[in-house]
Amino acid sequence: MHETFVMDSPIYKLKIHIEQNCVAKVEFNSDEPVSLPATDLGKKLQQQLNDYFRSPANSFAVPVLPQGTDFQARVWLALTDIPPGKVLTYGELAEKLGSSARAVGNACRRNPIPLIVPCHRIVAKSGIGGFAGDTDGRLIDIKLRLLEHEGFGLKLG
DNA sequence: TGTTTTGGGGCTG
DNA sequence: CAGCCCCAAAACA
């Protein structure tokens, strides 16, 4: 089972990919027209996203497609333990995992499901860090706006 | 402000 | 396997 839909959000247009009844990928660069989810999971996720944008305290509870190396999976799982309104540095998460900041950054950079797997809650000790594979531009702006939505000022960066 | 250390991952032979 | 390169970091001089 495979479906893709595009939804609008206060932050950006979101393109959601669903495979094997799991969320598989999220993209922010869709210029395609908005389309409606067809599956139960798609509808549920759309609802959760709307709830999140209404209030950041609403987090996500959806199955995600197993992907990546063992280490990447460990990092991505750890990300889901960070609640809205909290941020960790790459180094702090690395310490929890017995790894290094550089390696954690590598894994975050390859997170296929940004926002839902909240890699935006990881920042550099000095600076904003990257988002969705980029280190500047539009995607960093989205990261800043997500963090702002979750209660942080625009001082990061 | 450099420079070095660092660990995961991809690529090549 | 080794060797080499790339990185969303951080420590250090």
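Just so we're on the same page: letters track the sequence lines, and every chain starts at 1. These figures come from a predicted structure and were not determined experimentally.
- Nearest heavy-atom pair across A:Tyr90 and A:Gly129 is OH-CA, 3.6 Å.
- Across every strand in view, B:dT6 sits unpaired, with no contact that passes the Watson-Crick or G-U test at under 3.5 angstrom.
- Between A:Trp76 and A:Pro112, the shortest heavy-atom contact is CH2-CD, 3.6 Å.
- Just one of A:Asn50, A:Asp51, A:Asn58 meets the side-chain hydrogen bond (donor to acceptor under 3.5 Å, both in side chains) condition when paired with A:Arg54; it is A:Asp51.
- Residue A:Ile128 contributes atom CD1, which lies 12 Å from atom P of C:dA9 at whole-angstrom precision.
- Within residues 75-83 of chain A, no residue has a heavy atom under 4.0 Å from DNA chain C.
- Atom CD of A:Glu95 has 12 or fewer heavy atoms from other residues, nucleotides or ligands within 6.0 Å.
- Between the CD atom of A:Glu95 and the P atom of C:dA9 there is a distance of 18 Å, rounded to whole Å.
- Ring-plane geometry between A:His17 and A:His2 is classed as perpendicular, the angle between the planes exceeding 60 degrees on a 0 to 90 degree scale with a lower cut at 30.
- Ring geometry, A:His149 versus A:Phe53: the interplanar angle falls from 30° to 60°, so the pair is classed tilted.
- Heavy atoms of A:Ala132 sit under 4.0 angstrom from at least one base atom.
- Here the P atom of nucleotide C:dC7 and the OH atom of A:Tyr90 are 15 Å apart, to the nearest Å.
- When all heavy atoms of A:Tyr52 and A:Glu150 are compared, the pair lying nearest together is OH-OE2, 2.6 Å.
- The line from CG of A:Leu79 to CZ of A:Arg121 is 9.5 Å long, rounded to the nearest 0.5 Å.
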- Classify every nucleotide of nucleotides 2-7 of chain B by which part a protein heavy atom approaches to under 4.0 Å, writing B for the base, S for the sugar-phosphate alone and - for neither, in 5'-to-3' order. ----BB
